[in-house]
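Each residue takes its place number in the sequence, starting with 1.
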Amino acid sequence: MKTIITIIFIIFLGFTAQAQNVTTDVKVETIEMTVVTETSNELILDAKTEVARLYKSKNSKIKKELNFITKASKAKMA
């Protein structure tokens, strides 16, 4: 019974695969773009102050979160 159902299922998949309409006619719109030959060199200096933080202590919150240990990575005692 199982083999008959399997054969019918495979035949059904074959018919549905052949029934697909394949359309290979794809139209693409072309866009004309001009080439810019002039370049301007401007140097803009903004006085932005950015803060970079170094965490030197072992007990910092960031290092604790980045160095997490899962239960699966711990050694198991026999």
(request) Could you tell me which residues satisfy side chain to side chain contact (heavy atoms under 4.5 Å, CB included) with Leu13, sequence neighbours excluded, listed by chain and number? (result) Phe9, Thr16
(message) Under the rule for side chain to side chain contact (heavy atoms under 4.5 Å, CB included), what residues qualify as partners of Thr6, not counting sequence neighbours?
(response) Lys2, Ile10
(message) Under 4.5 Å between side-chain heavy atoms, counting indirect links through other Ile/Leu/Val/Met/Phe/Trp/Tyr residues: same cluster for Ile7 and Phe15 or not?
(response) yes
(request) Among Ile, Leu, Val, Met, Phe, Trp and Tyr joined by side-chain contacts under 4.5 Å, find the other residues sharing a cluster with Met1 and list them by chain and number. (result) Ile5
